[in-house]
Amino acid sequence: TLDLYNEVHPLSRVSNTKFAGSILQVNSGTNYSIKLTSPSFTSDIYKNAVTRVDSFSTASGTVYHVDPSGNDGNSGLSFSQAFKTLGKALSVVSAGNKILLHTGRYYEGELVVPNSGSAGNPIVIINAPGEKPVLDGTDTAFAPSWVVYDAVNNIYKTATNRLPTHAYIDGVHLFHYVNLADLTNKIYGEPGYYVDGTSMYVRFPAASSPGSHTITIPKFSRSLVLDGKSYIHIIGIEFGYYGYSNPAGNYTSRPKAIYINNGNYNLIDSNYFHQTNVGV
């Protein structure tokens with residue numbers, strides 16, 4: 001007989017009694033038959049499952065405006081009364097509310113979404129129509145003062161106690177060396193940087209000088225944190241330069257633009273992620 005089943009990802013054991021896997025390229029709101037096959041089974045096991053629909057309710061309650069020229073002392077209820085920061089808007093938002101982000105660059109991070117939405121009343125964080133907001137993790141207080149460290153290898157240094165996992169040269173990633181010797185010896189043949197908690201060392205490309213480049217580092221490891229929160233919609237926003245780290249060094253502390261933990265029915269749609277370790 002013709003087997004109409006398509007092979008999917010093999011399951012991986014995640015505990016003594018639980019296996020997990022993914023089935024991709026399925027349609028929304030559709031009933032599927034799943035066949036499980038294993039040498040440990042006396043016969044194949046069949047299960048049915050219906051995929052979630054991909055239509056979503058929209059926020060119909062209060063709309064809050066955020067603009068870089070706003071003021072967090074405002075009401076946020078109109079553009080003329082816009083908040084200045086997304087952090088302020090998140091502090092007042094509840095189920096059914098919408099946050100409109102207007103064009104501009106928002107140097108914010110580690111923003112914890114405090115509340116969940118609901119199936120009929122999500123919390124929506126979205127670009128204002130036709131506008132281009134950017135959530136930027138750059139450390140705007142970083143103002144390097146370069147001095148020559150190793151003229152032969154074109155390495156300069158500046159004082160800083162920051163320990164960024166990522167750094168950027170003229171807006172693009174700069175290779176991260178794990179020790180100063182590797183940077184000095186050009187072990188990977190790349191321009192790059194090293195930080196030790198006292199100084200940042202940079203080997204600039206093609207024997208160029210610091211004055212011909214802009215070096216930036218991130219301040220934040222994450223932009224938005226959704227911990228145990230559901231029915232949050234994040235739409236039409238640019239995320240960049242979230243690449244610090246947390247000394248704890250565990251998975252939850254690794255740089256990422258959006259971190260979701262124990263959340264359901266969250267929608268991440270039409271966003272742009274760049275210069276960050278992980279998007280979502």
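Positions are given from 1 along the sequence.
- Residues His176 and Tyr194 keep their aromatic ring centres 6.0 Å or farther apart.
- Judged by distance alone, with hydrogens and angles left aside, the side-chain atoms of Tyr241 form a donor-acceptor pair with the main-chain N or O of Gly171 at under 3.5 Å.
- A single hydrophobic cluster is seen to contain both Val148 and Ile215, as judged by linkage of ILVMFWY side chains at heavy-atom distances under 4.5 Å, directly or through other members.
- Expressed to the nearest 0.5 Å, how far CE of Met200 lies from CG of Leu163 amounts to 10.5 Å.
- Under the 4.5 Å side-chain criterion, counting only non-hydrogen atoms from C-beta, Lys157 is in contact with Val147.
- The line from CG of Leu36 to CZ of Phe41 is 5.5 Å long, rounded to the nearest 0.5 Å.
- Under the side chain to side chain contact (heavy atoms under 4.5 Å, CB included) test applied with Asn121, the options Ser116, Ser60, Ser94 reduce to a single match, Ser60.
- Heavy-atom minimum distance, Asn153 versus Arg203: O-CD, 3.1 Å.
- For the pair Thr276/Phe239, no side-chain contact is recorded, criterion being any heavy-atom separation below 4.5 Å from C-beta on.
- Side-chain N or O atoms of Ser221 include one that pairs as donor or acceptor with a backbone N or O of Ser245 at under 3.5 Å.
- Ring orientation note: the planes of His166 and Tyr168 are close to parallel, at an angle under 30° on the 30°/60° scale.
- Linking ILVMFWY side-chain heavy atoms closer than 4.5 Å, directly or via other members, places Tyr107 and Leu101 in two distinct hydrophobic clusters.
- For residues 225-235, every residue pair satisfying the side-chain hydrogen bond (donor to acceptor under 3.5 Å, both in side chains) rule, not counting sequence neighbours, is listed here: Asp227-Asn261.
- Taken from CD1 in Ile258 to CG in Leu224, the straight-line distance is 5.5 Å, to the nearest 0.5 Å.
- Between Pro255 and Tyr244 there is no side-chain heavy-atom pair separated by less than 4.5 Å.
- With Phe175 as the partner, the ring pair (Phe, Tyr, Trp, His ring centres under 6.0 Å) test is satisfied by one option alone out of Phe204, Tyr188, Tyr193: Tyr188.
- In terms of heavy atoms, Asn115 sits closest to Ile123 at O-CD1, 3.5 Å.
- Looking at Ser212, its side chain never comes within 3.5 Å of a backbone N or O of Pro210 through a donor-acceptor pair.
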### Query
Yes or no on side chain to side chain contact (heavy atoms under 4.5 Å, CB included) for Leu180 and Tyr149, after CA distance, side-chain angles and deciding distance?
CA-CA 11 Å; Leu180 185 55; Tyr149 172 75; 3.3 Å; yes

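- Asn277 is not listed as a side-chain neighbour of Lys256, based on a closest heavy-atom distance of 4.5 Å or more.
- A donor-acceptor pair under 3.5 Å is absent between the side-chain atoms of Lys35 and the main chain of Tyr46, judged by distance alone.
- In this model, no donor atom of one side chain and acceptor atom of the other lie less than 3.5 Å apart for Ser209 and Tyr156.
- A donor-acceptor pair under 3.5 Å is formed between the side chain of Asn271 and the backbone N or O of Gly236.
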### Query
Which is it for Ile268 and Ile260 under the side chain to side chain contact (heavy atoms under 4.5 Å, CB included) test, yes or no, and what are the steps along the way?
CA-CA 11 Å; Ile268 313 297; Ile260 303 174; 4.3 Å; yes

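- Using modelled atom types, one side-chain atom of Arg162 and one backbone atom of Lys219 make a donor-acceptor pair closer than 3.5 Å.
- Judged purely by atom type and a 3.5 angstrom limit, Thr51 uses its side chain to pair as donor or acceptor with the backbone of Asn27.
- Note that CD1 of Ile234 and OG of Ser270 are 12.5 Å apart. Values are rounded to the nearest 0.5 Å.
- No continuous path of ILVMFWY side-chain contacts below 4.5 Å connects Tyr32 to Tyr5, so the two sit in separate hydrophobic clusters.
- Contact of the Val66 side chain with the Tyr64 side chain is not registered, since no non-hydrogen atoms from C-beta on lie closer than 4.5 Å.
- Between Ile99 and Ile126, the closest side-chain pair of non-hydrogen atoms is not below 4.5 Å.
- For the residue pair Asp72 and Thr85, a side-chain donor N or O sits within less than 3.5 Å of a side-chain acceptor on the partner.
- Across every non-hydrogen atom of Thr158 and Ser145, the tightest pair is OG1-N, 2.8 Å.
- Nearest heavy-atom pair across Ile187 and Tyr177 is CG2-CE2, 3.8 Å.
- In the hydrophobic clustering of ILVMFWY residues, with side-chain heavy atoms under 4.5 Å counting as a link, Phe273 and Leu86 come out together.
- Here the side chain of Glu108 pairs no donor or acceptor atom with the backbone of Ser223 at under 3.5 angstrom.
- Between Asn97 and Val92, the closest side-chain pair of non-hydrogen atoms is not below 4.5 Å.
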### Task
May I have the step-by-step check of side chain to side chain contact (heavy atoms under 4.5 Å, CB included) for Thr140 and Arg105, ending in yes or no?
CA-CA 12 Å; Thr140 57; Arg105 196 166 289 269; over 6 Å; no

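- Asn179 and Asp182 share a side-chain donor-acceptor pair at under 3.5 Å.
- Clustering ILVMFWY residues whenever any of their side-chain heavy atoms sit less than 4.5 angstrom apart, transitively, puts Val113 in a cluster other than the one holding Val124.
- Taking all atoms of both residues into account, the shortest heavy-atom contact from Thr216 to Phe142 is CA-CD2, 4.4 Å.
- Rounded to the nearest 0.5 angstrom, Thr184 OG1 and Asn154 CG are separated by 11.5 Å.
- His213 is listed as a side-chain neighbour of Pro205, based on a closest heavy-atom distance under 4.5 Å.
- To the nearest 0.5 Å, the span separating OH on Tyr259 from CG on Leu226 amounts to 11.0 Å.
- Heavy-atom minimum distance, Asn266 versus Ile232: OD1-N, 2.9 Å.
- At most 12 non-hydrogen atoms from other residues, nucleotides or ligands lie less than 6.0 angstrom from OH of Tyr265.
- One N or O on the side chain of Asp170 and one on the backbone of Thr214 form a donor-acceptor pair closer than 3.5 Å.
- Side-chain atoms of Glu110 come within 3.5 Å of backbone N or O of Arg222 as a donor-acceptor pair.
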### Message
Let's go through Leu100 and Glu131 carefully: what are the C-alpha distance in whole Å and the side-chain angles of both, what is the deciding distance for side chain to side chain contact (heavy atoms under 4.5 Å, CB included) to 0.1 Å, and is it a yes or a no?
### Response
CA-CA 10 Å; Leu100 283 180; Glu131 301 199 40; over 6 Å; no

